[in-house]
A.B. asks: 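Next up is a structure, given as structure tokens.
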Amino acid sequence: MQICPSKIRIRQEIARLRAASQAIGLVPTMGFLHEGHLQLMRRAAQHADAVVATIFVNPTQFGPNEDLSRYPRDLERDLDLLRAEGVAAVFTPSPEEMYLPGADAIVDVPSLSGILQGALRPGHFQGVATVVSKLFNITQPDVAVFGEKDYQQLALIRKMVRD
Ligand code: PAF
């Protein structure tokens, strides 16, 4: 499994997979993986030749009262779990790799980002849409797999892709 901390490295790895005619299945995560995530890897493997995972605790989806620094992290364990699933490559960027200083462009799906959980967590779904859009742009997957547990997130990502 290739561990790629930079955009350049993951793009190189994906170009290598594509050159071998592999369709790419992307599974974005924030790490601290559990069985649900591993099922998403297996689902991606059913729809693509090579599974690419991302592990990134995205600061822009945390509100001012939500403690980003306390989000659980265990990269070595996550990498072992992904290796055991046969994941081809994992993108593990730093916040600086994903957001250049002064970055303020956002992606929004206004019909879905401000209702339900979005009404209680202002900015959360803009953060999700922005980072998922970046991950899609960086990796250009053939398919991407998300859990259904956070149904509003799933609906928002589906609408972003459709639009
Ligand atoms: O569901 C998650 O883990 C995150 O919201 C996601 C989709 C990886 C974006 O940071």
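Start at 1 and go down the list; that is how both ligands and their atoms are numbered. No experiment lies behind these values; they were computed from the predicted model shown.
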A.B. asks: Using 30° and 60° as the class limits, which term best fits the ring planes of Tyr99 and Phe56: parallel, tilted or perpendicular?
C.D. replies: tilted
A.B. asks: Check whether any side-chain heavy atom of Arg73 sits under 4.5 Å from a side-chain heavy atom of Val57, and report yes or no.
C.D. replies: yes
A.B. asks: Looking only at protein heavy atoms, which one is nearest to atom 3 (O) of ligand 1, and what is the separation?
C.D. replies: Met30 CG, 3.6 Å
A.B. asks: Heavy-atom distances under 4.0 Å decide this one: backbone, side chain, both or neither, for Thr29 against ligand 1?
C.D. replies: backbone
A.B. asks: How far is atom 10 (O) of ligand 1 from its nearest protein heavy atom, and which residue and atom is that?
C.D. replies: Gln61 OE1, 2.7 Å
A.B. asks: For Asp150 and ligand 1, answer yes if some heavy atom of the residue is under 4.0 Å from a ligand atom, otherwise no.
C.D. replies: no
A.B. asks: State yes or no: are the ring centers of Phe62 and Tyr71 separated by less than 6.0 Å?
C.D. replies: yes
A.B. asks: Tell me whether Arg42 is salt-bridged to Glu35, with the criterion being a basic N under 4.0 Å from an acidic carboxylate O.
C.D. replies: yes
A.B. asks: Which of the atoms of ligand 1 are close to Val131, meaning less than 4.0 Å from one of its heavy atoms?
C.D. replies: 9 (C), 10 (O)
A.B. asks: side-chain hydrogen bond (donor to acceptor under 3.5 Å, both in side chains) with Gln152: which residues, sequence neighbours excluded?
C.D. replies: none
A.B. asks: Could you tell me the residue and atom name of the protein heavy atom closest to atom 5 (O) of ligand 1, and the distance to it rounded to 0.1 Å?
C.D. replies: Gln153 OE1, 2.7 Å
